[in-house]
Visitor: 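The structure is given below, and queries will be raised subsequently.
Below, chains carry the letters A, B, ... as their sequence lines are ordered, and counting in each starts from 1.
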Protein chains: 2
Amino acid sequence: MTADVPELTAHLGYWLRQVSNHVSHAFARRVAARDVTVAEWAMMRVLYSTQPVAPSQLADEMGMTRGAISKLADRLVAKSLVARQASSTDGRAQSLRLTPQGARMVPDLAALAEENEAECFAHLSSEDRATLRRILKEAVVRLDITTTPME
Amino acid sequence: MTADVPELTAHLGYWLRQVSNHVSHAFARRVAARDVTVAEWAMMRVLYSTQPVAPSQLADEMGMTRGAISKLADRLVAKSLVARQASSTDGRAQSLRLTPQGARMVPDLAALAEENEAECFAHLSSEDRATLRRILKEAVVRLDITTTPME
DNA sequence: TATTGTTATACTCTATAACTATA
DNA sequence: TATAGTTATAGAGTATAACAATA
């Protein structure tokens with residue numbers, strides 16, 4: 001009997017993943033034209049508002065491990081978009097910030113994010129957009145999606 | 001000026017990704033107890049309904065390249081959950097199907113999918129669940145999310 | 001030549017764990 | 001010992017491209 005096994009499409013998780021993946025990939029293609037990945041953009045955007053910031057704080061804010069942050073920072077440093085700076089008071093501490101070149105790119109990348117958002121959700125009524133936002137935000141709160149992974 | 005650069009949280013894409021990632025990771029943890037990954041489960045579920053099936057057809061249905069299907073099938077074959085069979089009429093053609101062991105696992109994994117779905121979306125009203133489903137399904141249609149990637 | 005499938009290679013994203021330097 | 005950060009390693013997921021066998 002197959003009747004007792006629901007289709008993949010029976011789950012909200014399935015539809016969520018389809019749409020989310022599409023939106024992310026569409027955005028990835030856009031920023032690839034600037035030689036930047038989605039995760040790199042996210043870090044740059046956070047740095048743009050909160051600067052300079054310790055890698056460990058960034059890990060908390062972005063919900064990633066310190067190792068992942070370190071590797072991501074490496075890539076951005078190699079592209080001269082981010083700079084590391086040692087703390088003068090604590091020999092262990094580092095801080096990250098955008099280089100002038102990195103900072104200059106942020107508004108440009110933000111425009112691509114706007115473009116992507118517009119293109120992906122243009123077909124929704126403004127009411128549906130608001131509803132979708134409300135439901136997703138509620139889910140983030142209820143599912144407690146803010147915690148850094150295990151260390 | 002920072003005022004002209006919207007926060008990451010301004011975008012529906014951001015919230016979508018947060019929730020979608022959480023749901024997928026929660027499911028990944030569940031099926032990991034059965035030594036199966038999310039992509040492996042998806043292939044097993046499709047095979048359960050459509051069996052036997054050619055790798056190329058599976059690639060179309062799952063929106064993956066043939067190379068990716070081949071690699072995924074390799075893993076499932078190594079776990080004795082899927083079997084390859086050569087076509088008797090076309091020397092190039094292969095077909096994939098679940099082994100009896102693989103087929104027996106499907107209802108079990110499906111139960112984990114139900115569990116995950118319930119846990120992740122239990123907090124939503126049934127109206128919100130229906131609305132979310134409608135909006136996401138519409139998006140899949142409007143964004144034309146069905147096409148296989150480039151070959 | 002075109003098609004089916006596999007293999008080789010590469011890259012993103014992320015994790016865990018070991019390690020270094022400092023506190 | 002505890003903490004900050006980096007590095008090493010691994011693995012999922014996916015892509016592109018080259019390839020072998022067959023049609």
Visitor: Nearest 0.5 Å please: distance from the NZ atom of Lys71(A) over to the CE atom of Met64(A).
Guide: 9.5 Å

Visitor: Are any side-chain N or O atoms of Thr131(A) and backbone N or O atoms of Glu127(A), one a donor and one an acceptor, separated by less than 3.5 Å?
Guide: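 Yes.
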
Visitor: Give me, pair by pair, the N or O atoms of the protein and of nucleotides 19-21 of chain D that are less than 3.5 Å apart, along with how far apart they are.
Guide:
none

Visitor: Should Ser56(B) be listed as having a side-chain N or O under 4.0 Å from OP1 or OP2 of dG5(C)?
Guide: yes

Visitor: If you check the Met64(B) side chain, which of dG5(C), dT14(D), dT12(C) turns out closest?
Guide: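 The closest nucleotide is dT14(D).
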
Visitor: Could you please name the option among dT16(C), dG5(C), dG5(D) that lies closest to any side-chain atom of Thr65(A)?
Guide: dT16(C)

Visitor: Separation of Leu96(B) atom CG from dG5(C) atom P, in whole Å?
Guide: 8 Å

Visitor: Atom CZ in Arg17(B), atom OG in Ser24(A): separation rounded to 0.5 Å?
Guide: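 Atom-to-atom, Arg17(B):CZ and Ser24(A):OG are 5.0 Å apart.
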
Visitor: Rounded to whole angstrom units, what separation is found between the NZ atom of Lys79(A) and the C1' atom of dC11(C)?
Guide: 11 Å

Visitor: Taking atom types as modelled, is there a side-chain donor on Ser49(B) or Arg45(B) under 3.5 Å from an acceptor on the other?
Guide: yes

Visitor: Side-chain donor-acceptor pair under 3.5 Å between Arg75(A) and Thr37(A), yes or no?
Guide: yes

Visitor: What is the distance from NZ of Lys71(A) to P of dC11(C), rounded to the nearest Å?
Guide: 12 Å

Visitor: Is the shortest side-chain N to carboxylate O distance from Arg133(A) to Asp128(A) below 4.0 Å?
Guide: no

Visitor: Report yes if a side-chain nitrogen or oxygen of Thr37(A) is closer than 4.0 Å to either non-bridging phosphate oxygen (OP1 or OP2) of dC13(C); otherwise report no.
Guide: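 Yes.
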
Visitor: Return the 5'-most residue of the pair Asp90(A), Asp90(B) with respect to DNA chain D, ranking by each residue's nearest nucleotide.
Guide: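 On the 5' side of the pair lies Asp90(A).
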
Visitor: Reading DNA chain C from 5' onward, which residue's closest nucleotide shows up sooner: Asn21(B) or Ser95(B)?
Guide: Ser95(B)

Visitor: Starting at atom CG of Asp74(B), determine the distance to atom P of dG13(D), rounded to an integer number of angstrom.
Guide: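 Taking CG of Asp74(B) and P of dG13(D), I get 14 Å after rounding.
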
Visitor: Give one of base, sugar-phosphate or nothing for Ala28(B), where a contact means two heavy atoms less than 4.0 Å apart.
Guide: nothing

Visitor: Between the main-chain N or O of Pro52(B) and the side-chain N or O of Ser95(B), is there a donor-acceptor pair closer than 3.5 Å?
Guide: no

Visitor: If you measure from CG on Leu136(A) to CD1 on Ile145(A), what distance do you get to the nearest 0.5 Å?
Guide: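 Between atom CG of Leu136(A) and atom CD1 of Ile145(A) there are 9.5 Å.
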
Visitor: Taking OP1 and OP2 of dT6(D), is either one under 4.0 Å from a side-chain nitrogen or oxygen of Arg84(A)?
Guide: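 True: Arg84(A) side-chain N/O within range (under 4.0 Å) of dT6(D) OP1/OP2.
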
Visitor: Hey, does the side chain of Arg66(A) come within less than 4.0 Å of dA15(C)'s phosphate (OP1/OP2), counting only N and O?
Guide: no

Visitor: For Gln94(A) and dT3(D), what is the distance between atoms CD and P respectively, to the nearest whole Å?
Guide: 19 Å

Visitor: Rounded to whole Å, how long is the line connecting atom CG of Leu58(B) with atom C1' of dG5(C)?
Guide: 13 Å

Visitor: Base, sugar-phosphate or nothing for Thr89(B)? Non-hydrogen atoms, less than 4.0 Å.
Guide: sugar-phosphate

Visitor: Could you give the CD1-to-P distance, from Ile69(B) to dT6(C), as a whole number of Å?
Guide: 10 Å

Visitor: Could you check whether Ser70(A) gets within reach of a base, just the sugar-phosphate, or nothing at all, counting any heavy atom under 4.0 Å?
Guide: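 It contacts base atoms.
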
Visitor: Roughly how many Å is it from CG in Leu72(A) to P in dT7(D), rounded to a whole number?
Guide: 14 Å

